[in-house]
Amino acid sequence: MMPNCGCWSHLTNIQILAIFLCSIFPASCRDHQNIEPDTVTLAVEAGPTPSLDPRIGTNSEAERIDQLIFNSLVRRGPHFEILPDLAERWEVPQPTIYRFYLRRGIRFHDGRNLTAKDVQYTFTSLLEGSVVSAKTSTYRIIERIEIPDDYCVVFILKEPYASFLWNLTNGAIGIVPRGAPPDCGRYPVGTGPFRFVSYSREDALVLERNDAYYDSPPAVQRVIVRIVPDATTRALELRKGSIDIVQNALSPDFVEVLSREPHLTIRVSQGTNYAYMGFNMNDPILQDQRVRQAIAYALDREEIVKYYWRDLVTPASSILPP
């Protein structure tokens, strides 16, 4: 444990699903007593904030929904590797130059062709300030963006930046059509596997399958994202079958109880979140390293992991996941 920051644990990703629904994308059964066939209902804690515009949305709900509506240049794999998405390949000829070659024939949900100009616009709208977003600072490292042709985009950075590729992955940002206005999050248009249908604020959001998706259309026709702020309600609706999927939105105690339900399944995978204790270094008592070390020694992390987190996390040795 570091002297000025106590890392408690790395958290896993937890999905609880009605057992017949393997996931949104693979083929699934079509029988359910409370919802339409070919529809998957997810429950989230809150609505997308502050917008469904992938240049702006910052909370986890916005990022998860945006990944269904939008693609980015690259995406994250199941083991956090970086894989092709809109860009079928890329080159890094110099530490400050990233050259991406786009797939051809990809269309936005409104029928427009995706080109390099859409990629350029997505980032320049942030950097030039036409879109106000907390994400802008992430891309200040970009000096300029060149487009040698309609399917090649070149980013020139001000200096080498190791996490640049990671910051281009889906979830971090998505590619919007050229000219998309600052309020395009009200009716978002992307290239992703699902297209936006409607959103009743703080109630539910509806998406439908994009039959023209480049990477084969999803197996289900419709996704309904229900906003259910209360954890007990989420758990009860999951148990009775009116909700199909809850991801990282239930306490370990609820997970423990629901794991006994024969019609539900728990999926656990590695995550990147971590819990920690931060200290106010302006406090004269906490300025004493011995005090901070004493607090660190007093925290029984093994007990916290076993009894509070139900062994769903691992003790952390730093702020970076393994």
Side-chain angles (χ1 to χ4, degrees), residues 51-58 62-63 65-77 82-158 160-161 163-185 187-196 210 212-215:
S51 169
L52 280 170
D53 186 333
R55 300 169 294 178
I56 299 175
T58 52
E63 291 187 354
I65 296 168
D66 282 345
Q67 288 182 64
L68 300 178
I69 302 174
F70 298 91
N71 293 101
S72 196
L73 288 171
V74 290
R75 62 184 177 87
R76 308 168 196 170
I82 297 178
L83 302 172
D85 198 5
L86 293 179
E88 59 184 357
R89 61 188 178 92
W90 62 91
E91 302 168 348
V92 188
Q94 298 178 29
T96 57
I97 298 177
Y98 289 75
R99 184 178 294 112
F100 296 89
Y101 298 92
L102 303 181
R103 301 178 192 273
R104 296 172 183 263
I106 294 180
R107 292 183 179 273
F108 286 99
H109 299 152
D110 61 5
R112 282 180 281 178
N113 281 319
L114 170 89
T115 71
K117 291 181 180 179
D118 300 301
V119 178
Q120 183 186 50
Y121 174 80
T122 297
F123 293 94
T124 55
S125 62
L126 288 170
L127 298 173
E128 294 174 356
S130 60
V131 172
V132 179
S133 172
K135 295 183 179 182
T136 299
S137 60
T138 301
Y139 304 105
R140 291 287 185 202
I141 195 70
I142 300 172
E143 183 175 289
R144 65 183 187 277
I145 303 172
E146 298 176 352
I147 46 175
D149 60 53
D150 283 348
Y151 296 97
C152 181
V153 185
V154 182
F155 291 81
I156 292 88
L157 308 186
K158 298 174 184 177
Y161 193 59
S163 60
F164 181 66
L165 271 178
W166 181 262
N167 290 337
L168 299 181
T169 57
N170 206 356
I173 196 168
I175 302 303
V176 300
R178 182 170 52 138
D183 65 345
C184 72
Y187 197 93
V189 174
T191 58
F194 290 90
R195 62 175 72 240
F196 176 85
N210 174 17
Y213 188 53
Y214 84 89
D215 193 23

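Any value given below was found using the heavy atoms of this structure, including those in side chains, with hydrogens, waters and symmetry copies removed.
With respect to N167, the side-chain contact (heavy atoms from CB on, under 4.5 Å) criterion is satisfied by exactly one of T138, I173, I141, V74: T138.
When side chains are defined from C-beta on, F164 counts as touching I142, because their heavy atoms get closer than 4.5 Å. By the 4.5 Å heavy-atom criterion applied to side chains, N210 and F194 are not counted as neighbours. Between L168 and F100, the closest side-chain pair of non-hydrogen atoms falls below 4.5 Å. Using a 4.5 Å heavy-atom cutoff, the side chains of F123 and I175 are in contact. Contact check for V153 versus I145: side-chain heavy atoms found under the 4.5 Å cut-off. Inter-residue side-chain proximity for T169 and R75 is flagged as unmet; no heavy-atom pair is nearer than 4.5 Å.
Residues meeting the ring-ring contact (aromatic ring centres under 6.0 Å, His included) test with Y161, sequence neighbours left out: none.
C184 and D53 get closest at one heavy-atom pair: SG-OD2, 3.2 Å.
Under a cut-off of 6.0 angstrom, the local environment of CZ in R178 is sparse, with at most 12 non-hydrogen atoms contributed by other residues, nucleotides or ligands.
Note that CG of L73 is 13.0 Å distant from OH of Y98, once rounded to the nearest 0.5 Å.
The salt bridge (Lys or Arg N to Asp or Glu O under 4.0 Å) analysis of residues 84-94, with sequence neighbours excluded, yields the pairs R89-E91, E91-R99.
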